[in-house]
Amino acid sequence: MKKIYVDEDLCTGCGICIEFCPKKVLSYSSQRSLRGIYPAQVENLEACTLCRICEVYCPAFSIAVEGEKDE
Amino acid sequence: MKKIYVDEDLCTGCGICIEFCPKKVLSYSSQRSLRGIYPAQVENLEACTLCRICEVYCPAFSIAVEGEKDE
Amino acid sequence: MNKRILSGVHLFQGDDACVEGAIAAGCNLFAGYPITPATEISERLSWRLFDAGGIFVQGADELDSLTIVIGAACAGWKAMTATSGNGICLMQECIGYAAITETPCVIVDVERAGPGTGAATKTMQGDVYQVRYGSNADYSVIALAPESPQEMFDLTVEAFNLSETYRVPTFILADEIVGHMREKVLIPEKVKIVERKRAKVPPQEFLPFKVESDTDVPPMPAFGEGYRMPVSGLTHTETGSPSTDYEIQKRMVSRLWNKVEKKAEQLTKIESAYLEDAQVVVVAYGSVGRSVKSAVLEARKQGLKAGYLRLITIWPFPDRVIEDIAKEKPEAIIFPEMNMGKIVREVKRVAGGRTEVISFPKPGVELHKPKEIYNLIRGVI
Amino acid sequence: MNKRILSGVHLFQGDDACVEGAIAAGCNLFAGYPITPATEISERLSWRLFDAGGIFVQGADELDSLTIVIGAACAGWKAMTATSGNGICLMQECIGYAAITETPCVIVDVERAGPGTGAATKTMQGDVYQVRYGSNADYSVIALAPESPQEMFDLTVEAFNLSETYRVPTFILADEIVGHMREKVLIPEKVKIVERKRAKVPPQEFLPFKVESDTDVPPMPAFGEGYRMPVSGLTHTETGSPSTDYEIQKRMVSRLWNKVEKKAEQLTKIESAYLEDAQVVVVAYGSVGRSVKSAVLEARKQGLKAGYLRLITIWPFPDRVIEDIAKEKPEAIIFPEMNMGKIVREVKRVAGGRTEVISFPKPGVELHKPKEIYNLIRGVI
Amino acid sequence: MSRIEVKLTGFGGQGIVLSGIILARAAMHDEKGVVQTQSYGPEARGGACRSEVVISDETIHYPLIEEADILVAMSQEALDKHISSIKKGGMLIIDSDTVSRIPEKSEVEVNRVASTGIASEKLGKVIVANIVMLGALMSLTGIVSKVAMEKAVKESVPRGTEEINLRALEEGYLHAQKSRIKGLKGKTESKEKEGK
Amino acid sequence: MSRIEVKLTGFGGQGIVLSGIILARAAMHDEKGVVQTQSYGPEARGGACRSEVVISDETIHYPLIEEADILVAMSQEALDKHISSIKKGGMLIIDSDTVSRIPEKSEVEVNRVASTGIASEKLGKVIVANIVMLGALMSLTGIVSKVAMEKAVKESVPRGTEEINLRALEEGYLHAQKSRIKGLKGKTESKEKEGK
Amino acid sequence: MKRHPALKYFRFDRPGNPHLWCSGCGIPQIWYYTIKAIEELKLDIDKVLWVGGSGCTGRMCTYWIGDYFHTLHGRPLGFATGAKLANPELTIICHMGDGEVAGIGGNHLIQTARRNVDLTAIVVNNFNYGMTGGQFSPTTPRGAFTMTSQLGHIEYPFDLCELGATCGATYVARWTTFQTRPLIRSIKKGIQKKGFSLIEVISQCPIQYGRRNKIGNGMQMMKWFKESSIRKEKAEKMSREELKGKFIIGEFVDIEKAEFCTSLRELIKKRRKESVKN
Amino acid sequence: MKRHPALKYFRFDRPGNPHLWCSGCGIPQIWYYTIKAIEELKLDIDKVLWVGGSGCTGRMCTYWIGDYFHTLHGRPLGFATGAKLANPELTIICHMGDGEVAGIGGNHLIQTARRNVDLTAIVVNNFNYGMTGGQFSPTTPRGAFTMTSQLGHIEYPFDLCELGATCGATYVARWTTFQTRPLIRSIKKGIQKKGFSLIEVISQCPIQYGRRNKIGNGMQMMKWFKESSIRKEKAEKMSREELKGKFIIGEFVDIEKAEFCTSLRELIKKRRKESVKN
Ligand SMILES: Cc1ncc(C[n+]2csc(CCOP(=O)(O)OP(=O)(O)O)c2C)c(N)n1
Ligand SMILES: Cc1ncc(C[n+]2csc(CCOP(=O)(O)OP(=O)(O)O)c2C)c(N)n1
Ligand code: SF4
Ligand code: SF4
Ligand code: SF4
Ligand code: SF4
Ligand code: SF4
Ligand code: SF4
Ligand SMILES: [Mg+2]
Ligand SMILES: [Mg+2]
């Protein structure tokens with residue numbers, strides 16, 4: 001089961017996951033969060049290869065990837 | 001006029017001038033100085049080439065060379 | 001070209017006012033290392049000082065900074081550093097060196113809450129003894145405690161003048177509140193500036209550490225002026241020669257001590273009100289003085305005979321002022337301090353049991369509230 | 001194999017006795033930087049400590065040395081450094097750090113004449129305030145002043161024990177005379193050793209800075225023991241979390257202060273004689289105490305009612321002892337010190353005007369001669 | 001005017017500290033006694049951020065504020081944290097675009113100002129929301145004069161941005177004036193005034 | 001025995017400090033009160049060097065010496081510097097091989113010991129001159145016992161050199177005993193006793 | 001909801017939500033890279049000591065769930081040396097800012113490298129003093145703008161890797177926050193090396209350095225790292241001119257030599273076998 | 001009687017006769033070599049500032065007849081930087097011991113080299129702390145015996161020239177007290193270099209180091225220097241093994257780059273031309 005969680009309470013909308021996701025799975029939400037910023041959101045889960053680059057880079061520890069790569 | 005002065009009041013008898021004089025002009029005195037050591041003395045002035053190595057090396061500033069090298 | 005003295009009216013935080021005070025006083029060089037809550041002094045000076053034809057250096061640390069300051073001062077410049085108590089720790093060796101070599105320098109300590117790294121962004125008055133006693137053995141310093149940005153300006157100018165006059169490290173002991181609060185600051189067109197005493201005799205007749213009969217401060221030629229100055233941190237004779245002789249040590253240390261301690265009365269700066277008939281005198285310094293004023297004004301409004309005294313000169317300690325109050329035997333002296341009770345020890349020493357001395361310590365972070373002080377006054381009267 | 005405790009009778013200089021005291025007390029690590037007149041401590045430890053299964057490190061400087069000492073202490077070892085006042089300057093930041101992290105460590109200051117580099121080979125008692133107040137903000141320390149090599153041994157053992165008990169930096173404040181003079185030292189077969197309080201609860205229940213009701217000193221697990229110790233120089237809560245909150249600051253600083261200051265009476269060590277009927281009490285500490293004893297004995301021989309008191313504990317200052325003397329209202333308290341008059345300020349503060357307090361300062365290099373003190377006694381009685 | 005204590009709050013990056021400075025500078029130009037203070041340090045960078053201004057006709061001794069006569073909240077987090085510090089009878093001004101929920105607090109006049117919206121929509125620069133808010137504050141409270149405030153804004157903002165900031169001030173001022181009139185006329189729910 | 005103050009002086013490298021320690025250690029073995037101090041630092045390396053020992057049957061409080069009961073001078077420089085510190089009625093012991101001129105000083109008993117000569121000639125090691133001197137001192141003053149002194153020497157000298165040092169001590173002791181007898185018998189010029 | 005794997009090792013009662021670093025900052029990334037290295041090496045949490053000083057980087061240790069040693073600005077290496085001497089079982093990782101390690105702590109750096117103490121030093125080089133508001137540091141490039149070089153910086157920067165290598169470090173490497181895998185590998189190597197390891201990580205401080213030098217936010221700074229990083233092997237073939245403004249990444253030193261704490265402990269053994277005069 | 005030419009520049013009222021250095025010590029030799037350089041460059045005595053710290057080497061300045069700055073142990077370079085900033089006309093020569101420059105003063109050394117301050121730093125490397133009685137220093141070779149390494153030294157030494165070069169010094173050379181002429185030439189070059197010059201002089205401390213390591217007195221130590229010195233050019237062709245125990249002498253760096261004080265003064269000029277908002 002593949003899933004990406006973004007914790008809106010923690011996400012600072014830095015855009016790093018969005019920029020460096022090789023499959024462009026993520027985008028900015030159009031909804032301002034309580035922090036006053038536009039957090040990341042999952043736009044295209046299917047494209048996700050579970051590479052975990054978003055998770056590894058996220059400075060806010062606010063994104064988590066569920067599921068393991070097949071190989 | 002060529003002359004080597006050893007200031008017995010200052011000389012500590014370290015032997016550096018004696019060792020490094022290329023012409024072996026200097027030697028230890030047999031007389032203990034007030035410092036309780038055997039100071040340097042001029043033994044063979046003729047051999048002196050006025051190279052001033054003794055003067056340059058003397059850590060006690062106690063030896064002085066008079067006269068200039070010809071060339 | 002940019003103005004040297006920024007005359008006019010400004011809204012400045014204390015740290016900025018300090019910068020402008022330094023420039024007005026003729027500061028040629030600043031060397032410092034960033035530290036909350038003194039960093040703003042570095043930041044503003046990093047461009048303002050070049051405007052004024054001076055040089056800003058960021059040291060590799062506080063130690064490096066003060067060596068550079070002292071070096072520049074010995075070569076004839078007016079120089080300053082700024083830091084907080086943690087940085088003072090690292091400067092202690094150089095402070096002693098400045099003291100024994102009698103090198104003028106101004107050291108601004110914007111105090112923060114400690115000990116240790118503490119609560120870096122919060123206020124405290126914890127360093128009052130540190131700046132007096134933190135280096136080895138015996139020497140004297142001057143320390144002034146401002147209560148506002150305006151005083152940050154005024155006292156920084158004064159600190160340069162005193163430092164040059166007495167040839168001692170001179171401290172501005174501000175607390176974070178004073179350093180960071182913004183208030184109106186009036187900068188005059190011109191300020192009174194004191195220049196270092198230079199040698200009157202020609203080099204051949206000059207004895208570097210000989211003092212004239214009327215003063216304990218010898219003149220101070222700069223390096224490169226031809227006076228062949230022997231500057232050394234070793235105990236030295238009048239010619240500057242190292243010595244381990246008791247008489248030399250005694251003469252030198254006594255002079256270093258007395259040139260300031262014996263001038264304590266002249267150096268005393270205070271602000272006071274309602275002392276004449278005061279049954280209770282509240283004594284404070286720095287930002288706490290502001291709370292005290294509020295409280296005492298309220299007390300007077302309520303008909304309570306309270307008076308207040310704000311110490312501006314902390315070192316040399318103004319024994320005489322406390323002496324005068326103690327003589328009148330008020331019911332009590334109340335001393336609120338943002339520490340566990342330090343300068344109150346000096347007050348107790350001088351009061352000598354003639355009046356009760358009540359310490360009201362708050363160990364940092366929070367300024368005394370006027371109401372707290374008022375309640376204490378009420379409790380006594 | 002070489003002996004750990006060098007039991008028996010020896011002719012030791014104070015510095016050597018200090019080394020043997022440290023080893024007897026269970027010192028595992030020493031880190032120090034050479035400086036006259038404390039160098040002999042390093043020198044002897046550089047081989048003796050390895051004998052005892054400990055480790056000797058020569059730091060790159062004093063600062064480096066104290067960081068290593070504190071690091072080792074936090075990892076569970078007993079550790080010490082030794083220096084003179086110049087080195088204390090550089091250690092001030094770490095002293096504050098040890099205080100706020102409550103890390104036991106012993107710091108030996110063999111005082112020399114200053115200020116600055118001063119007269120390095122000569123004696124002074126100039127650092128008494130430096131070790132108490134030289135770091136930023138408020139904290140407490142313990143300081144003990146030996147008068148002889150025997151006390152250098154005894155008090156070094158004591159310093160380790162107190163440091164472990166109270167979790168505070170503990171100083172040996174020796175002057176050069178005590179450090180360098182050789183005298184008979186008797187080392188027992190066994191000495192009383194106090195071990196650090198360890199946590200009683202399992203790691204999951206452990207709150208690192210929670211104190212039990214009867215004490216202000218929390219237990220101290222070492223790194224690597226599984227207690228996941230959060231050691232920090234920031235103001236911290238009971239869990240060790242950084243905080244800038246006033247209540248947290250107040251609780252922490254008050255505890256750091258009180259855990260020693262409130263124990264002042266328990267911590268007080270003195271030596272005294274002839275106090276009962278004394279018209280004049282001569283108070284001193286360190287090697288000056290020896291001159292005082294000679295002088296007071298002579299005075300008694302001459303029928304003068306003099307008494308003497310030697311302070312062994314300097315910090316926390318033994319207010320109570322002075323209080324008790326002042327209450328008896330002797331003609332005067334005489335206080336000879338090898339500095340410009342420092343601890344005498346504490347005596348004045350406590351005496352509170354009940355008796356005259358006469359300072360007899362000698363600013364370093366020369367120890368007070370018995371005759372000088374005797375003459376002063378005669379002048380008063 | 002006796003002592004008035006103003007607390008400006010929001011999150012880092014909104015220019016809260018600058019707002020405080022501008023307000024203080026304006027009060028200074030009005031020849032009032034004024035002291036400005038603010039929160040510092042790492043805490044001030046990320047989350048809640050605050051700037052405090054005390055204004056008075058008399059000399060100000062105690063420089064800090066304990067209870068605010070006026071609280072400006074430009075973020076929900078800030079409001080939640082500081083709402084308890086408003087004096088009885090004091091005023092709360094919120095940015096209605098960033099604050100959605102107002103916790104219970106009695107005897108407080110509430111004003112809503114759409115400063116972020118105005119800044120981004122009318123002025124095309126969300127960064128000037130703080131100045132819009134200042135304009136509204138000035139209008140709602142009258143604690144500083146308009147002339148003084150304009151002067152202060154000009155002196156305080158980065159060079160080249162004077163114009164847009166003055167426009168932001170004006171927009172905030174007008175917006176609040178309108179809403180004020182409207183508010184006075186309209187009905188008030190639970191002692192609140194509508195700001196939008 | 002009441003308080004006796006001994007000052008040993010010479011130049012750096014002669015082992016003056018060690019002499020003081022040995023003397024003190026011997027006194028300790030004799031169960032006497034004893035304190036040893038010395039000069040330190042760079043000054044102690046080159047020129048004049050000094051070691052002081054106070055010995056007493058009672059507890060010693062003041063640890064330093066002001067006037068010496070006994071001054072040992074192993075160099076001219078040291079003698080010149082310290083001669084003024086001898087007590088009236090005190091004793092001066094000089095190394096007659098390194099000291100040639102004795103400055104005027106009244107009411108002092110002067111003893112001459114050829115310690116350097118004995119060390120280099122009889123023992124073949126000039127370095128033990130200080131121990132020769134200690135032997136003489138012991139003999140001339142009796143302030144420490146011979147047993148104690150021998151023990152002290154053994155404990156204090158570098159390992160492997162115990163024997164030569166004990167011989168040096170003995171030589172000094174005998175030399176002084178002889179000269180003492182001779183001195184007592186012979187005539188004394190200006191209150192001096194011949195040491196050679 | 002699944003949470004980020006870093007949070008398993010995280011202390012939640014510390015300031016910030018979850019931490020106090022700015023949006024887009026590189027420090028929390030390095031925090032997690034360190035965790036990854038620890039996880040991959042299967043180290044016992046209770047034997048891993050994190051050490052830090054004062055600064056944004058210095059705060060890293062305060063979120064580590066195990067033992068931590070939040071020491072003085074610039075001095076982590078000194079404290080860490082003491083801890084290592086007392087308990088050689090500890091794996092000690094020191095995170096330090098460029099300011100503290102190359103400025104106030106310069107001496108600790110060179111001495112610790114010289115002595116070859118078995119520690120892993122991770123330097124977060126964000127080219128300025130982040131915590132105090134972005135003043136220049138000894139690694140700030142000439143010409144850069146910082147809070148105290150608003151007129152353009154005039155000093156030369158240190159090359160920290162060269163400095164560490166010259167002083168004797170046994171493992172030296174440099175990466176940026178962008179090169180996740182090689183960096184984690186280097187941290188693991190550093191931990192396993194019996195000796196002093198120095199790992200420089202070029203990191204983004206968007207709020208100070210990025211903004212003042214118009215490089216942009218954290219994401220933009222990472223793109224800059226990506227584009228400007230040159231492998232050491234490749235760099236060796238390039239000219240000085242070509243290398244201007246580039247980050248040379250890779251491993252610079254990987255050698256073996258006697259370790260300090262071990263050598264000292266050997267002296268105890270040596271001494272136990274001898275017997276001496278006191 | 002003619003006196004030694006050094007004495008023309010000598011303060012006679014200072015401790016010692018004429019000075020306090022031990023018999024055969026290398027420090028007074030270097031004192032005179034410095035005088036020779038000053039003489040040969042015909043410098044104005046009143047514009048030459050000698051700076052020293054604490055130690056046997058530190059005392060050198062106190063005998064110099066001109067201005068001197070006898071500063072704190074390890075910190076001459078900091079003080080000298082300040083003096084140079086205030087008065088760029090001064091020729092500033094700092095004599096420092098290996099202990100102070102590489103131990104307590106390590107940070108001043110690397111920072112001053114990095115900033116490239118126009119000073120001439122002469123390091124008297126006698127491999128130990130002479131003044132305090134011969135403890136090991138950060139340049140003491142492994143295995144050597146000193147007062148605090150009586151069991152044999154276990155630490156690695158710094159290579160001071162490499163360190164200075166890495167940090168950015170513009171002139172770096174090493175000689176021993178034996179190589180008079182090249183050393184004097186280097187001092188002259190160092191003085192003339194507009195930038196930071198580091199000259200390491202291997203020097204004899206017979207009383208401590210020579211004695212404890214059984215090398216002998218000053219004269220014997222100089223013979224040792226003579227025999228063990230290898231020119232850099234030759235050394236480059238030798239193996240590590242062959243170079244063990246040798247002193248590599250010669251010039252290591254001689255480059256030009258922007259000087260610190262000059263760059264700072266340029267900022268004043270730059271700023272004079274601009275006008276700014278306060
Ligand atoms: C003795 C001392 N001086 C100054 C400071 C103030 N200070 C705290 S952090 C810091 C700078 C941190 O910069 P860096 O080490 O590069 O870490 P960063 O914040 O960039 O991660 C400074 C100067 C301090 N804590 N202690
Ligand atoms: C802060 C401080 N610590 C220690 C000392 C003691 N000290 C004076 S000189 C010296 C060593 C000098 O060694 P080095 O620098 O190599 O010079 P050398 O004497 O060998 O020429 C030391 C440790 C001091 N003066 N100040
Ligand atoms: S796991 Fe990889 S592909 Fe999936 S969202 Fe994250 S970065 Fe994109
Ligand atoms: S990297 Fe993390 S903080 Fe940044 S946008 Fe993505 S989820 Fe949010
Ligand atoms: S000048 Fe030369 S040859 Fe003459 S004595 Fe001196 S060293 Fe010998
Ligand atoms: S070098 Fe100088 S001190 Fe040494 S023996 Fe010759 S003259 Fe005497
Ligand atoms: S100031 Fe810079 S280094 Fe510090 S947390 Fe913010 S972005 Fe990171
Ligand atoms: S101790 Fe060494 S360096 Fe110092 S003066 Fe003596 S020989 Fe020279
Ligand atoms: Mg940084
Ligand atoms: Mg040396």
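Every value quoted in this text rests on a predicted model; they were computed, and no experiment measured them. Convention: sequence-line order gives letters A, B, ...; per-chain numbering from 1.
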(request) Please determine, among D:Val57, D:Asp16, D:Leu234, the option with the most heavy-atom pairs under 4.5 Å with chain G. (result) D:Leu234

(request) Please state whether the side chain, the backbone, both or neither of G:Ile110 comes within less than 4.5 Å of a heavy atom of chain D. (result) neither

(message) If we define contacts as heavy-atom pairs under 4.5 Å, which of D:Thr101, D:Leu63, D:Val69 has the most with chain G?
(response) D:Leu63

(message) Are there over 12 heavy-atom neighbours, none belonging to G:Lys257, within less than 6.0 Å of that residue's NZ?
(response) yes

(request) State whether the side chain of G:Thr81 and the backbone N or O of D:Ile68 hold a donor-acceptor pair below 3.5 Å, judged by distance alone. (result) no

(message) If I measure from the heavy atoms of chain D, does G:Arg11 come under 4.5 Å with its side chain, its backbone, both, or neither?
(response) side chain

(message) Does any backbone or side-chain atom of G:Leu90 lie under 4.5 Å from a heavy atom of chain D? Answer side chain, backbone, both or neither.
(response) side chain

(request) Calculate, to the nearest 0.5 Å, the distance between atoms CZ and CD belonging to G:Arg75 and D:Glu93 respectively. (result) 5.0 Å

(request) Taking the six-membered ring for Trp and the full ring for Phe, Tyr or His, determine whether the centres of G:Tyr68 and D:Phe223 are under 6.0 Å apart. (result) no

(request) Heavy-atom pairs under 4.5 Å with chain D are the metric here; pick the option from G:Leu49, G:Thr112, G:Asn87 that has the most. (result) G:Leu49

(request) Decide, yes or no, whether a salt bridge links G:Arg271 with D:Asp51 under the criterion of side-chain N to carboxylate O below 4.0 Å. (result) yes

(message) If we ignore hydrogens and angles and just use 3.5 Å, is the side chain of G:Asp67 paired with the main-chain N or O of D:Met229 as donor and acceptor?
(response) yes

(message) Quick check for you: among D:Ala75, D:Gly59, D:Pro208, which has the greatest number of heavy-atom pairs under 4.5 Å with chain G?
(response) D:Ala75

(message) How long is the straight-line distance from CG of D:Asp64 back to CZ of G:Phe79, given to the nearest 0.5 Å?
(response) 10.0 Å

(message) Using every non-hydrogen atom in the two residues, find where G:Arg115 and D:Gln58 come nearest and quote the distance to one decimal.
(response) NH2-O, 3.6 Å

(message) Distance alone, cut at 3.5 Å: any donor-acceptor contact between the side chains of G:Asp13 and D:Ser241?
(response) no

(request) Rounded to the nearest 0.5 Å, what's the gap from NZ on G:Lys47 to CD on D:Glu225? Could you check? (result) 8.0 Å

(request) Look up atom OG in D:Ser232 and atom CG in G:Leu72, then write down how far apart they are to the nearest 0.5 Å. (result) 9.5 Å

(request) Any chance you could measure G:Ile268, atom CD1, to D:Phe50, atom CZ, to the nearest 0.5 Å? (result) 6.5 Å

(message) Tell me whether D:Lys197 at atom NZ has more than 12 heavy atoms from other residues, nucleotides or ligands lying less than 6.0 Å away.
(response) yes

(request) Using a cut-off of under 4.5 Å on heavy-atom pairs, state which of G:Ala80, G:Cys261, G:Gly82 scores highest against chain D. (result) G:Gly82

(message) Are there over 12 heavy-atom neighbours, none belonging to D:Glu189, within less than 6.0 Å of that residue's CD?
(response) no

(request) Answer yes or no: does atom NZ of D:Lys184 have more than 12 heavy-atom neighbours from other residues, nucleotides or ligands under 6.0 Å? (result) no

(message) Can you tell me how far apart CG (G:Asn107) and CG (D:Asp61) are? Round to the nearest 0.5 Å.
(response) 5.5 Å

(request) Take G:His70 and D:Val231 through the side-chain contact (heavy atoms from CB on, under 4.5 Å) test and state the conclusion after the steps. (result) CA-CA 6 Å; G:His70 186 217; D:Val231 176; over 6 Å; no

(message) Does any backbone or side-chain atom of G:Glu89 lie under 4.5 Å from a heavy atom of chain D? Answer side chain, backbone, both or neither.
(response) neither

(request) Measure D:Leu29 against the heavy atoms of chain G and call it side chain, backbone, both or neither at under 4.5 Å. (result) side chain

